[in-house]
Amino acid sequence: MTEETKAATDFGADVFGGEAIRTYLSKDTAKKLQATIQEGKPLDPSIAGEVAHGIRHWAMDRGATHYTHWFLPMTGSTAEKHDSFLELKDGEPIMQFSGKNLIVGEPDASSFPSGGIRSTFEARGYTAWDPTSPAFIKRHSNGATLCIPTAFCAYTGESLDKKTPLLRSMQALDRSLRRLMKLFGRGEAHTACTLGAEQEYFLVDKEYWKKRPDLVLTGRTLFGAPSAKGQQLEDHYFGTIPDRVLSFMNDVERELWKLGIPAKTRHNEVAPAQFELAPQFEELNLASDHNMLVMDTLRNVAEKHGLKCLLHEKPYAGVNGSGKHNNWSVAYGGRNLLDPGSDPHENAVFLTMLCAVIEAVDKHADLLRASVAGAGNDHRLGANEAPPAVISIYVGDQLAEVLERIENPKSAKHEAKGTLKIGVDTLPAIPKDATDRNRTSPFAFTGNKFEFRAPGSSVCCSGPMTVLNTIVAEAVDRIADELEASKVTGKAKPGEHTAAFHNALQKILEKSLKAHKRVVFNGNGYEADWMVEAAKRGLPNAPDTPSALAALAKAENAALFERYGVMTARELKSRHDIFLEEYAKKVRIEGVCARDIASEMILPAVKAEYAETVASFAQAEKCGIASGTATLKESIVELGSGLDALKDGIKRLDAALAGTECEAVLSAMRALRTTADVLEHHVADAKWPLPKYRDMLFLY
Ligand code: ADP
Ligand code: MG
């Protein structure tokens with residue numbers, strides 16, 4: 001085995017998992033801890049002391065001197081406050097880490113957004129270990145820190161983070177599924193939501209990045225004329241990965257493997273300098289934490305390669321933006337319920353789940369849309385590349401036909417093929433490659449899972465996944481209600497359901513499909529016709545963040561989250577307020593940054609070009625030179641009117657920034673950019689103050 005291949009055998013070396021637990025804890029404690037992890041229960045306080053002791057030794061053996069409760073505050077990134085193991089006892093230094101320090105922490109994190117849940121005088125919050133996500137080591141160039149993944153709550157018990165609602169939504173779906181599965185005659189089992197998050201990103205040379213205040217401060221370019229070559233030739237997608245990038249990817253994967261993150265697939269994406277990393281799917285909570293670490297790792301490793309990793313949804317205008325496809329499924333007792341299965345009984349469960357998801361997405365498209373809203377994603381959703389802002393479901397032609405046969409069992413159209421009896425007939429084979437090829441659907445069934453494609457590349461998966469779990473829990477419950485009301489359940493044993501049960505189920509699904517099929521759309525989501533058709537079907541279309549977030553302020557949505565114990569009305573409102581404020585702040589930062597770049601960098605460059613041209617022209621006139629003066633004059637007019645337009649644009653942006661209207665700022669920024677991007681072609685390359693698209697987009 002070579003050094004390189006050995007990296008794969010280091011998988012999980014920096015995670016306090018199976019092997020470390022067995023090595024550093026007593027047999028009894030190890031067993032108890034494993035049970036806690038598997039059942040997703042809080043840690044038994046009686047073993048906390050020994051677990052903490054074991055974890056500290058394990059961490060110190062890996063060079064850690066500090067520990068932190070690692071959590072997901074509402075800012076969208078991760079948070080850590082480090083404490084050292086060092087304590088003084090009678091003046092002597094000792095290394096210590098108590099059970100109490102493992103279970104709860106009090107980061108006094110009063111500066112995190114709480115959306116009104118806390119006021120500063122009662123600002124303390126506390127963090128609590130979530131043992132389903134294992135402790136891990138985070139390394140830096142001269143040391144390491146033990147990280148304990150935690151939930152972050154206020155002393156009132158209200159959640160101040162993105163993890164707590166996710167955990168609650170997983171419990172909600174578990175309760176609903178247990179109920180439904182019981183009706184299907186399945187025994188008690190563990191529900192496992194699964195997530196595979198495909199992560200798209202851009203890489204840019206750090207030297208260019210440093211010279212672009214817009215990239216540094218906002219994560220995206222606010223100016224820049226298109227490069228002659230962009231993604232027209234479609235030659236980047238799945239192309240040969242440049243060596244520089246490949247060695248970066250290798251380092252990223254090694255770091256991820258050490259953290260027990262199963263990075264699996266890497267490839268070039270559609271835009272030049274755009275790439276993707278896909279891990280193998282894992283249980284949702286862990287996968288969501290892991291995605292946060294993937295983003296961290298991409299950023300950190302890029303630095304070592306003289307690169308910057310851009311996780312913004314739209315770093316460059318005119319080429320594709322970046323998303324984060326959330327592949328979601330749910331397994332019960334180890335069996336994926338979204339796998340169509342091979343026998344009529346499995347098919348019946350699958351069809352029920354399929355209908356539940358369709359019902360959930362149709363009823364709560366507004367919430368799904370809100371869950372992916374943000375200033376960055378606004379440039380992506382509906383911008384003719386990523387999925388449109390209208391949420392619809394793709395199921396593919398085969399399944400569409402199956403659903404139609406369920407919905408219209410007696411239609412003449414299906415007579416030739418006969419009716420499809422749930423629980424009796426086997427589904428036709430659903431080939432995987434028939435699933436959404438054109439990738440335009442925001443929510444696509446892809447063989448044995450749903451792929452939610454609307455989330456932006458920088459989003460924390462917890463938000464969209466919390467919504468999805470909750471709305472599916474509700475739909476599953478509603479179907480279970482009707483099944484219970486039909487009073488044909490209870491007798492069924494696995495594999496031998498009564499015809500009455502299946503007839504009842506058939507009617508329930510028929511009714512559900514009739515009510516919710518409008519959300520199913522198998523065509524090309526980029527076509528303008530679809531927007532017209534979607535409007536006719538009454539599907540909501542929230543084109544920007546403020547309109548999308550309005551869903552979080554609706555009383556019926558607050559009631560839904562409360563009913564499922566996922567968020568209280570106050571928790572939901574706090575999120576609405578935090579996200580809206582974050583949006584306004586981001587737009588403002590961009591506005592100020594654009595104004596500064598325009599007035600301090602672009603305007604002076606244009607002025608210099610103008611002055612030089614005017615001087616040349618005057619000189620030529622003075623010397624009585626006729627040739628070339630017409631061209632110089634033309635340039636002077638172009639540059640002069642550009643200069644005026646630029647100044648006007650800056651004034652307009654300034655005026656917008658004096659107000660509070662986000663849209664006015666965005667529109668003034670767009671206008672200013674148009675002017676500046678034209679001027680880029682009128683100023684000498686050597687004088688242009690910003691690295692250009694053609695420089696930044698090609699990493700060879
Ligand atoms: P594509 O690029 O065609 O969408 P990939 O294979 O790159 O497909 O990514 C698919 C993702 O879906 C991977 O992360 C994979 O692990 C994940 N996945 C596969 N099965 C499931 C499942 N049952 N639940 C959740 N995610 C899944
Ligand atoms: Mg995908």
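We count ligands from 1, going down the list as the structure has it; atoms in each ligand are counted the same way.
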Min heavy-atom dist [X] to ligand 1 below 4.0 Å:
{"X": "His325", "answer": "no"}
{"X": "Lys264", "answer": "no"}
{"X": "Thr265", "answer": "no"}

Answer with yes or no whether the side chains of [Y] and [X] bring together a donor and an acceptor at under 3.5 Å.
{"X": "Ser227", "Y": "Tyr316", "answer": "no"}
{"X": "Glu255", "Y": "Thr297", "answer": "no"}
{"X": "Gln274", "Y": "Asn320", "answer": "no"}
{"X": "Asn469", "Y": "Trp328", "answer": "yes"}
{"X": "Ser458", "Y": "Glu313", "answer": "yes"}
{"X": "Thr545", "Y": "Asp378", "answer": "yes"}

| Glu19 CD: over 12 foreign heavy atoms closer than 6.0 Å |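 Incorrect, the count does not exceed 12.
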| Any N or O on Thr194 sitting closer than 3.5 Å to an N or O of ligand 1? |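 The answer is yes, given that Thr194 and ligand 1 share an N or O pair closer than 3.5 Å.
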| said: If I apply the N/O under 3.5 Å rule, does Glu198 come out as touching ligand 1? | reply: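 Yes.
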I'd like to check which ligand 1 atoms, numbered from 1 as shown, lie under 4.0 Å from a non-hydrogen atom of [X].
{"X": "Asn336", "result": "23 (N)"}
{"X": "Lys449", "result": "12 (O), 18 (N), 19 (C), 20 (N), 21 (C), 26 (N), 27 (C)"}
{"X": "Gln280", "result": "16 (O)"}
{"X": "Glu451", "result": "4 (O)"}
{"X": "Ser329", "result": "22 (C), 23 (N), 24 (N)"}

| request: Please state whether the rings of Phe350 and Phe445 are parallel, tilted or perpendicular, taking 30° and 60° as the class boundaries. | output: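 Answer is tilted, since the angle falls between 30° and 60°.
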| Who's closest to atom 13 (C) of ligand 1 heavy-atom-wise, of Pro279, Pro262, Ala278, Ala197? |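 When every heavy atom of Pro279, Pro262, Ala278, Ala197 is considered, Pro279 comes closest to atom 13 (C) of ligand 1.
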